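Quick caveat, the model's predicted, so the values are computed rather than measured.
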Amino acid sequence: MPDLTIFEPPDQKIPLERIPGDGLIVDIGGGGEGLVSRIEGTRVCAIDKKMDEIREAMIHNPPSNWFVGDGAHLSFKDDVFDVVTLWFSLGYMKDWHIKRAVLLDAYRVLKEGAIISIKATKIVCEEERLVFRVDYSLPDGTLSRTGYGLKGQQNQTLQTVMTCLQEIGFEVTEYHDYDHWFTIEGAKSLKSGPIF
């Protein structure tokens with residue numbers, strides 16, 4: 001069996017900030033490092049498909065609410081959350097059918113005018129795998145070093161994710177494009193409504 005081709009961008013240093021407000025947050029893909037839970041604590045309903053990822057995040061002892069589940073089929077009512085976060089979890093959704101389904105369900109569970117916060121790795125490499133290593137600095141000064149092994153060839157860029165969000169009905173309010181990652185913030189807009 002041939003070796004997988006791997007793309008490894010330079011290690012990244014990413015400062016993380018608090019999420020404004022005091023409303024409820026659903027963190028999709030919230031296991032592993034548990035970044036949102038470590039920063040926002042009891043405000044967070046963290047969901048992950050894998051129990052071992054939740055256990056790994058719980059090592060940091062954040063006082064969040066933990067759920068095993070699928071981000072494309074969230075077990076929450078419509079219009080209940082103030083914020084949805086996808087912090088470096090989109091890259092684990094290997095195709096655009098899954099990414100779109102997750103973003104559609106994120107739209108469903110958000111209140112009108114509520115926020116979606118995305119931080120994501122650029123995955124435009126031709127290699128079969130991408131290894132993304134990062135040093136996070138949390139608002140309390142804690143440093144956290146981790147790495148992500150992701151499927152390559154996803155065409156996950158700032159533009160492709162923004163286009164998907166806008167097609168669903170989100171209004172993009174802010175974005176930043178870095179060499180190997182990007183951030184997007186948007187708001188749920190009911191002017192156009194979601195396109196299912």
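- Under a 3.5 Å cut-off, the side chain of Arg133 and the backbone N or O of Gly147 do not form any donor-acceptor pair.
- Gln156 places a side-chain N or O within 3.5 Å of a backbone atom of Thr121 that can act as its donor or acceptor partner.
- Salt-bridge formation is not detected for the pair Arg38/Asp140: no Lys NZ or Arg NE/NH1/NH2 atom is positioned less than 4.0 Å from an Asp or Glu carboxylate oxygen.
- In this structure, the side chains of Met93 and Leu86 come closer than 4.5 Å at one or more pairs of heavy atoms.
- When the shell of 6.0 Å around OH of Tyr148 is examined, it contains more than 12 heavy atoms from other residues, nucleotides or ligands.
- When side chains are defined from C-beta on, Phe170 does not count as touching Ile184, because their heavy atoms never get closer than 4.5 Å.
- Note on Arg108 versus Asp105: salt bridge recorded, some NZ/NE/NH1/NH2 to OD/OE distance being below 4.0 Å.
- Evaluated for a ring pair (Phe, Tyr, Trp, His ring centres under 6.0 Å) with Tyr178, the options Phe182, Trp181, Tyr175 yield exactly one hit, Trp181.
- Judged by distance alone, with hydrogens and angles left aside, the side-chain atoms of Asn65 form no donor-acceptor pair with the main-chain N or O of Ala46 at under 3.5 Å.
- At least one donor-acceptor pair under 3.5 Å links the side chain of Gln12 to the backbone N or O of Pro10.
- In this structure a side-chain-to-backbone donor-acceptor pair under 3.5 Å is missing from Trp87 to Gly30.
- A side-chain donor-acceptor contact under 3.5 Å links Glu128 to the backbone of Thr5.
- To the nearest 0.5 Å, atoms CZ (Arg100) and CD (Glu167) are separated by 5.5 Å.
- Heavy atoms from other residues, nucleotides or ligands lying under 6.0 Å from NZ of Lys49 number 12 at most.
- Of the residues Asp78, Asp79, Leu74, the one that meets the side-chain contact (heavy atoms from CB on, under 4.5 Å) test with Val109 is Leu74.
- By the 4.0 Å N-to-carboxylate-O rule, Lys122 lies close enough to Asp177 to be salt-bridged with it.
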Step by step, work out the salt bridge (Lys or Arg N to Asp or Glu O under 4.0 Å) result for Asp11 and Arg145.
-> CA-CA 10 Å; Asp11 291 5; Arg145 180 169 177 75; 2.8 Å; yes
Apply side-chain contact (heavy atoms from CB on, under 4.5 Å) to Tyr136 and Phe88, showing your working.
-> CA-CA 12 Å; Tyr136 293 113; Phe88 295 96; 3.1 Å; yes
Would Lys13 and Asp135 count as a side-chain contact (heavy atoms from CB on, under 4.5 Å) if you check the C-alpha gap in whole Å, the side-chain angles of each, and the deciding distance to 0.1 Å?
-> CA-CA 5 Å; Lys13 293 187 183 308; Asp135 293 308; 3.6 Å; yes
Run the numbers on Glu56 and Glu33 for side-chain contact (heavy atoms from CB on, under 4.5 Å), then give the verdict.
-> CA-CA 7 Å; Glu56 183 180 335; Glu33 286 300 298; 4.0 Å; yes
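- The line from CD1 of Ile19 to CD of Glu40 is 5.0 Å long, rounded to the nearest 0.5 Å.
- Looking only at atom types and distance, the side chain of Thr163 has a donor-acceptor partner in the side chain of Gln159 under 3.5 Å away.
- Relative orientation of the Phe76 and Phe81 rings is perpendicular, given thresholds of 30° and 60° on the angle between their planes.
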